[in-house]
Amino acid sequence: MKLKPTIGGALLLLAISAGASAAYKVKIVFKEKPKNDTIYLSYSKGDKRILDSAVVSKGQVVFSPAVDAPLAAYLYVKGDRGGLPFFLENTTVTVETKDGTFTNAITKGGKLQAEYQQWNTTWSGITADAGKIYRALDSATQQGKVKATPEFDKWKDDAFEQLNVRTSAAVAAAVKANPSSPVTAFAIQSRYVDYPNIENATKYFDQLSAAGKSTVYGKSIKKFLDVQKTTGIGATPAFSMPDANGKTVSLADFKGQYVLVDFWASWCGPCRAENPTVKKAYSLYSDKGFTVLGASLDTKKDLWEKAIEADGLTWAHISDLEGWKSPVVKEFGINGIPFNFLVDKQGKVIAKNLRGEELLKALEKLVK
């Protein structure tokens, strides 16, 4: 999936940044010299990904990030693949490394860091077991060269479902134990917003206290859920954009048909790779009450039109040529493309983000 570009900066912050709370600090002690003296601190503020940097001096690094609320963060040595996830909070977090890396580092902070370590230990166990399933899948399919047996597919599906159950149980336990904590809200965000699951996001958000809902991550979950109301199952989205000739085209113009609203762009590799499947769906069902409305996030008209012609996309196409700045991106909460939703003949969303065979199977059931 092509993700929306984020904005970041590399800042040397060895003193307190303007507007930051003096208490938000991170102190790292290296018992051995790291292979690179530049250390990075990464975290998100709103839609921006921030990357702060500092240089090791006398075996130590101190960050005073410009934050005023608890946030999940990540430390790593320049050039290293591994790093250290932790939680910034209104105190000094100390990290003691055993060598020149963050492997097996000891992290000490306040109450939130303790909660985060408990959550991260549980989640790390789940991801480790997921890795075993993926390795078994690679072995069973010879790295995708052959098709897995039905028996293996059933085992794989059952195994992943068990991991889903464990994940839900872990989030439920966090909510029950600490409903006011930003760490709990972060757990919901990371599992059911970053990897959208509207049902579980709603379920666990509703169980947060008022304080939990007012945290950075609580507000983010609320924003996600509000946006989902515009394109979630059962919603009736409405929007308009001009076509290549400047004529305004609305989704409502297609009422009476099943419509796949497909957000894509000429520069999006995964979108272009998905186009043959959408073409196949269109050729099979366009004479049976199904159509496609292509909504592009391009900014250059010539590239948009060339991609339509090159890929042989013969359905209706619209774009305001504003790319990620298009109002519909914010309205529909689009943070990556390809992104699509399928509406019924009354304009109500009945499916989202159908890919490959899933799209064809859904249409086979719907369009007779």
Side-chain angles (χ1 to χ4, degrees), residues 1-9 44 46-49 194 196 220 223-224 226-232 235-283 286 290-343 347-349 351-356 359:
M1 176 181 284
K2 181 71 176 179
L3 296 180
K4 176 179 179 180
T6 56
I7 303 173
S44 292
D47 294 332
K48 296 182 180 180
R49 190 69 182 172
D194 295 345
S220 177
K223 181 180 177 181
F224 166 76
D226 287 345
V227 166
Q228 295 313 305
K229 293 176 183 176
T230 63
T231 61
T236 52
F239 76 106
S240 301
M241 282 184 177
D243 64 13
N245 297 317
K247 178 185 176 182
T248 298
V249 177
S250 300
L251 176 56
D253 296 339
F254 300 88
K255 203 163 186 178
Q257 300 181 77
Y258 289 101
V259 185
L260 180 72
V261 181
D262 184 29
F263 287 88
W264 72 297
S266 65
W267 43 261
C268 170
C271 303
R272 303 290 293 272
E274 189 69 19
N275 279 341
T277 300
V278 182
K279 282 180 64 177
K280 182 176 181 180
Y282 186 75
S283 68
S286 61
F290 168 75
T291 193
V292 180
L293 177 61
S296 171
L297 297 189
D298 275 285
T299 56
K300 298 183 184 299
K301 185 179 180 181
D302 59 333
L303 297 180
W304 171 40
E305 292 182 315
K306 286 179 181 177
I308 292 172
E309 182 178 0
D311 291 3
L313 313 181
T314 56
W315 47 84
H317 291 275
I318 55 177
S319 179
D320 55 17
L321 297 177
E322 293 187 33
W324 291 108
K325 295 181 180 179
S326 174
V328 77
V329 168
K330 182 177 182 180
E331 180 183 356
F332 289 168
I334 302 171
N335 57 17
I337 52 176
F339 170 84
N340 66 47
F341 54 86
L342 180 66
V343 301
K348 185 179 295 186
V349 176
K352 287 187 69 172
N353 290 322
L354 295 168
R355 301 276 187 272
L359 172 61

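Listed by chain and number, the residues in a side chain to side chain contact (heavy atoms under 4.5 Å, CB included) with Ala281 are Phe290, Leu359, Leu360, Leu363 (sequence neighbours excluded). In this view, Thr277 satisfies the side-chain hydrogen bond (donor to acceptor under 3.5 Å, both in side chains) rule with no residue, not counting sequence neighbours. Every residue meeting the side-chain hydrogen bond (donor to acceptor under 3.5 Å, both in side chains) condition with Asp226, not counting sequence neighbours, appears here in chain and number order: Lys222. Remark: Ser44 engages Arg49 in a side-chain hydrogen bond (donor to acceptor under 3.5 Å, both in side chains) (not counting sequence neighbours). For Phe341, the ring pair (Phe, Tyr, Trp, His ring centres under 6.0 Å) criterion is met by Phe332, not counting sequence neighbours. Applying the salt bridge (charged side-chain N to carboxylate O under 4.0 Å, His left out) rule to Asp298 yields no partners; only residues at least two apart in sequence or on another chain are considered. A search for side chain to side chain contact (heavy atoms under 4.5 Å, CB included) contacts involving Ala244 returns Lys301, Trp304, Glu305, not counting sequence neighbours. Evaluation of the ring pair (Phe, Tyr, Trp, His ring centres under 6.0 Å) rule for Phe339 yields Phe263 as partners, not counting sequence neighbours. Residues passing the side chain to side chain contact (heavy atoms under 4.5 Å, CB included) test with Lys348 are Thr236, Asp344, sequence neighbours excluded.
By the 4.5 Å heavy-atom criterion applied to side chains, Thr291 and Tyr282 are counted as neighbours. For the pair Val261/Phe239, a side-chain contact is recorded, criterion being any heavy-atom separation below 4.5 Å from C-beta on.
Rounded to the nearest 0.5 angstrom, Trp324 CH2 and Ile334 CD1 are separated by 7.0 Å. From Phe254, atom CZ reaches atom CG of Leu293 across 5.0 Å, with rounding to the nearest 0.5 Å.
Sorted by first and then second residue, the salt bridge (Lys or Arg N to Asp or Glu O under 4.0 Å) pairs involving residues 323-340 (not counting sequence neighbours) form an empty list. Pairs engaging residues 243-259 under the salt bridge (Lys or Arg N to Asp or Glu O under 4.0 Å) rule: none recorded [sequence neighbours left out].
Cys271 approaches Ile337 most closely through the heavy-atom pair SG-C, 3.8 Å. For Val349 against Pro237, the heavy-atom pair with the smallest separation is CG2-CD, 3.5 Å.
There is a side-chain donor-acceptor pair under 3.5 Å between Thr231 and Lys352.
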Could you walk me through whether Trp264 and Ile308 pass side-chain contact (heavy atoms from CB on, under 4.5 Å), step by step? CA-CA 11 Å; Trp264 72 297; Ile308 292 172; 3.8 Å; yes

Quick one: side chains of residues 309-320, donor-acceptor pairs under 3.5 Å with protein atoms, not counting sequence neighbours, listed by atom name and distance.
from: Asp311; atom 1: OD1; to: Arg272; atom 2: NE; distance (Å): 3.4
from: Asp311; atom 1: OD1; to: Arg272; atom 2: NH2; distance (Å): 3.0
from: Asp311; atom 1: OD2; to: Arg272; atom 2: NE; distance (Å): 2.6
from: Asp311; atom 1: OD2; to: Asn275; atom 2: ND2; distance (Å): 2.8
from: His317; atom 1: NE2; to: Leu313; atom 2: O; distance (Å): 3.3
from: His317; atom 1: NE2; to: Trp315; atom 2: O; distance (Å): 3.3
from: Ser319; atom 1: OG; to: Ser296; atom 2: O; distance (Å): 3.0
from: Ser319; atom 1: OG; to: Leu321; atom 2: N; distance (Å): 3.0
from: Asp320; atom 1: OD1; to: Glu322; atom 2: N; distance (Å): 3.0
from: Asp320; atom 1: OD2; to: Ser326; atom 2: OG; distance (Å): 2.6

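Remark: the backbone N or O of Pro338 is not paired with any side-chain donor or acceptor of Asp262 at under 3.5 angstrom.
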